[in-house]
Amino acid sequence: MDELRKQRRHIRHLMEYAVPDEQLEAAADILVLFRHDRLALAVCDEFYSYLPEAHEDWIKEFRLVAREKGVFLLAAVCSEDAYLYLVSSEGVEFHGSLQDGYLDRKLLHFFKFTDPESFKERARKIDNFPLYQSVQTDDNICPACHAATGEEHELGCPVEICPWCGGQLIHCSCRFDKLGIEVLETEQDLARFAEMLMHQGRIVYSPEQRPSFADDGPGIERQ
Ligand SMILES: [Zn+2]
Ligand SMILES: [Zn+2]
């Protein structure tokens, strides 16, 4: 069984404990809306596993609070409050309630908020943040590593195009040709390759690079 389907099933199961019966149907809609979205599903999984206020609640929608490279700060909007989650392909971290309007300095800086007060001010109204669109449907976000149009992919991203041969960088043989080796074994090899790549100029993400198939089975072919 594929990984995302398994995760959706797991979340659906957690929902049965977390969500009031009469809201269960509505709560489950999010699993349909974001069925191919690893980030949203990771937040759902975290939320329903460790309910922030330890009482019944459910996520109505996601808002995009900030995004930088492949790292997203999402607000999971619930009935009374919204909760901040830092999420990327690396994992998910809870960052408190939006109402508190608090974000630690490192994150403020990372997401280029000018100061704690202006973040607090913005956090006061949920409408200040756009609805989060699934990264799988937003053409300006790499579906694999979540780099935005014009940004470099994460090294190892399957969507990145090789600047030497125009093929898929993780599958073409340029890395072996360039390094003059048969297998890429050590961290040093990888670092050396990353340097050559930088020197050559990496091809940043653009929407034409989107694969025509996502990785989650049939029924989601895109053009
Ligand atoms: Zn990518
Ligand atoms: Zn190549």
Side-chain angles (χ1 to χ4, degrees), residues 2-5 7-8 33-46 62-74 85-93 107 110-112 130-223:
D2 90 83
E3 188 198 332
L4 290 185
R5 189 172 308 161
Q7 190 175 26
R8 289 194 301 265
L33 206 57
F34 294 103
R35 64 193 175 283
H36 305 303
D37 189 310
R38 285 169 202 283
L39 302 182
L41 291 178
V43 174
C44 287
D45 200 328
E46 182 77 7
F62 288 111
R63 296 274 171 162
L64 178 62
V65 176
R67 191 197 64 75
E68 199 61 45
K69 309 219 157 66
V71 185
F72 290 67
L73 187 64
L74 295 185
Y85 289 90
L86 186 70
V87 61
S88 71
S89 50
E90 308 281 292
V92 56
E93 244 175 51
L107 288 181
F110 179 74
F111 288 118
K112 307 192 168 82
L131 268 178
Y132 169 67
Q133 271 202 22
S134 171
V135 290
Q136 298 302 330
T137 55
D138 184 346
D139 283 353
N140 282 309
I141 306 271
C142 170
C145 76
H146 313 129
T149 297
E151 288 179 350
E152 282 179 3
H153 294 271
E154 237 169 72
L155 194 59
C157 173
V159 180
E160 180 160 3
I161 291 170
C162 171
W164 288 286
C165 74
Q168 205 181 351
L169 185 61
I170 59 163
H171 290 308
C172 70
S173 59
C174 293
R175 57 193 180 284
F176 308 117
D177 303 344
K178 294 291 160 191
L179 292 169
I181 52 176
E182 303 280 303
V183 280
L184 207 150
E185 270 177 334
T186 64
E187 287 290 315
Q188 286 97 310
D189 291 343
L190 192 64
R192 207 149 64 84
F193 182 63
E195 200 162 308
M196 292 170 114
L197 195 58
M198 214 171 65
H199 195 72
Q200 176 70 15
R202 290 176 70 178
I203 298 179
V204 296
Y205 175 71
S206 72
E208 319 75 84
Q209 294 166 5
R210 293 180 77 81
S212 45
F213 291 92
D215 57 355
D216 196 31
I220 49 159
E221 200 176 337
R222 298 169 48 87
Q223 9 229 352

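Order of listing sets the numbers, starting from 1, for every ligand and every atom in it. Each residue takes its place number in the sequence, starting with 1.
At a threshold of 4.5 Å between non-hydrogen side-chain atoms, the residues L169 and F193 count as touching.
Rounded to 10°, the angle formed at the Zn ion (ligand 2) by SG of C162 and SG of C172 is 110°. Rounding to 10 degrees, one finds that the Zn ion (ligand 1) sits at the corner of an angle of 110° between C157 SG and C145 SG. Geometry at the Zn ion (ligand 2): SG/C174 and SG/C165 form an angle of 110°, nearest 10 degrees.
Its N, O or S atom nearest to the Zn ion (ligand 1) is what matters here, and for H153 that atom is ND1.
Ring geometry, Y132 versus F34: the interplanar angle falls under 30°, so the pair is classed parallel (tilted spans 30 to 60°).
Among the backbone and side-chain atoms of C142, an N/O/S atom is found under 2.8 Å from the Zn ion (ligand 1).
Side-chain contact check for S206 and E208: at least one donor-acceptor pair (N or O, by modelled atom type) lies under 3.5 Å.
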* To do: Check step by step if side chain to side chain contact (heavy atoms under 4.5 Å, CB included) holds for L86 and V92.
  => CA-CA 6 Å; L86 186 70; V92 56; over 6 Å; no
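Each of E195, E152, E154 was compared with R202 under the salt bridge (Lys or Arg N to Asp or Glu O under 4.0 Å) criterion, and only E152 meets it.
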